[in-house]
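Following: one structure in structure tokens, then a few remarks.
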Amino acid sequence: MIEFLQQFFTSPVMQDALPPALFIAVVASSMSVMILAHRLSFLTVGISHASLAGLGLAIAFSLPLLPTATAFCVAIALLLAALPKQRGISEDTGTGLLFAGSMALGIILVSQVSRNQVDLFGLLFGNILTVSTQEWYWLLLIGCIILFAFITMARAWWSIAFDPITAAASGLAVSPLRLLLYGTVGLSVVMCVKLAGIVLTTGLMVLPATCAWLWGRSLMSLWLLSMGFAIIGTFIGLLFSYSYDWPSGATIVLTLCIMFIMSWGIAWLTQRNK
Amino acid sequence: MWRVVATPYATQFRHIAAMTSPVISLSHINFGPSHAPILEDISLELKAGHFMGIVGPNGAGKSTILSMLTGRLQPDSGHIDLFGECLKRFNRYRLLKNIGYLHQLHDYTPNLPLKVRDIVAMGLHDYAKPLWQGFSSTSHQYTDIIQALQYVEMEHLVDRDFRHLSGGQQQRVRLARALVRKPKLLLLDEPAAALDSKQQQKLYTLLRQLCDTQDIAIIMVEHDIAAITGHVDSVACLNRSIHHHAMKGEQIPEDVWHQMYGQHMHVIAHDTSCIGCHHD
């Protein structure tokens, strides 16, 4: 076991993949708390699938991949935040609409380039094992922006999640704060797409806080627990991925799912024995 | 030079104006489409320490008035002054710091793991500060939280999970959240809806005390005029427009009730102290 761990830590691939993977886990798990509090799970599905259009645009017009996807995802997130109020469309409908439209655009754009130019499997299911130095810097930049936004606005977002009417009446700028929340969720989705891919991003954005929800009793405890679950899940996931040569993103998401089931079971047993 | 001299005077004037002027002044407020207005020509003044009840049928515009006072809705015409200043988009957030608001839309309570003290803390002026600045149990904010909970006799449940409280207890915690910010104006939309009759009377007594001892002005929307009549200073009868504004000791004529609720209703007198009843 010790020999295996030594191999794991000294492997050049893992030395490159572990820091960005754990950093993404910390950022995604922080926003995960707000995604659950504001019930934005479907929004993350929508934005992550819409990111295919951003990636398709970048590939089709030879633009930098991650910055283009970032700009596209944030734009889609802000559009979703503004759309329901402006046009009387429900958030669910708006998300479904943009999700399908962007995905269709992305598929058409990606289908126009040769298979050698695009790693479709990596886009759909993530590939943290091939992160370049440039991409790592980009992830660091947007990750730090997300964490700064979370730390400074978490309480305001929390208060809005509990009661937006009273929050607005007590002097909080609810609409701008909500826009910022959606924009930050958009940024987080781009980070997660690199780790877990378009299809599995929602797992990474939802599961850490879902595990923490069973144990946390305040915003702070939820945040710390969510980060703890995400870091452990990502680390164990990468261990299994390395050991059995499984796709990294899928293994991490599956580990988090198993952690949730175990966490739920323990919580249920604890409640029952009280 | 002019600017240096003018600024302190301007500030001083504003301060004096705020002290002497009414807490609320509504002037000729209209809201809603012209063919089906929600509010018509509403004019109202409320001084510090005044406790006013608003009664009226469903859809009369009671909650709409409160929404306008919190800046959530803008009137189509008319003028709203809060604390001697015209309520505008740019000063709204500053003026709202002096208001405690309890709305009636509590059908949906999100499943957030929150302790009672966390809910009350949300009412503090500096609640939305960054995460690295915590609310420790020794801070003065914590003392304020406990004091607000004492007002509603909920201090013993300070660490309880909000989701595990009854509807009435949750309502009292929400009221504590409105009180913790030490407001100059309290806007309460059916605050007694989830309370039993004993707690209702305790609530009205507390609100009366807050008016008398802390000079807080209160507007409370209620349906049960008989329950509030012994506590309020005045009652405004609203149905799109204010049909009558009765002060303490004054009685509301029967035709006002008919204008508000229709001809089919019968007024039954309670006792001579009831503002709502007409005694021959």
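Quick note on labels: first sequence line is chain A, next is B, and so on, each numbered from 1.
When heavy atoms are compared at a cutoff of 4.5 Å, A:Met220 approaches chain B solely by way of its side chain, counted from C-beta outward. Only the side chain of A:Ala154 comes within less than 4.5 Å of a heavy atom in chain B; its backbone stays farther off. Looking at B:Ile119, only its side chain comes within 4.5 Å of chain A, counting heavy atoms on both sides. Both the backbone and the side chain of A:Trp158 come within contact range of chain B, with heavy atoms under 4.5 Å apart.
Per-residue heavy-atom pair counts under 4.5 Å with chain B were compared for A:Ala167, A:Ser159, A:Ala156, and the maximum is reached by A:Ser159.
The two residues B:Ala128 and A:Leu172 have their closest heavy-atom pair at CB-CD2, 3.8 Å. The minimum heavy-atom distance linking A:Leu222 with B:Pro113 is given by the pair CD1-CG, 3.6 Å.
At least one donor-acceptor pair under 3.5 Å links the side chain of A:Arg155 to the backbone N or O of B:Pro130. Judged purely by atom type and a 3.5 angstrom limit, A:Trp213 uses its side chain to pair as donor or acceptor with the backbone of B:Asn111.
Look at B:Asp118 and A:Arg217 and you find no salt bridge, because none of the NZ, NE, NH1 or NH2 atoms lies under 4.0 Å from a carboxylate O.
Counting only heavy atoms from C-beta outward, the side chains of B:Leu131 and A:Phe150 approach each other to under 4.5 Å.
How far CG of B:Leu102 is from OG1 of A:Thr166: 7.0 Å, rounded to the nearest 0.5 Å. Once rounded to the nearest 0.5 Å, the distance linking CG of A:Leu219 with NZ of B:Lys115 reads 12.0 Å. We find the CE-OG distance between B:Met122 and A:Ser170 to be 10.0 Å, quoted to the nearest 0.5 Å. Rounded to the nearest 0.5 Å, atoms OH (B:Tyr101) and CD1 (A:Ile165) are 6.5 Å apart.
Enclosure of atom OH in B:Tyr93 by more than 12 non-hydrogen atoms of other residues, nucleotides or ligands within 6.0 angstrom is indicated. Atom CZ of B:Arg92 sits in a crowded spot, with more than 12 heavy atoms from other residues, nucleotides or ligands closer than 6.0 Å.
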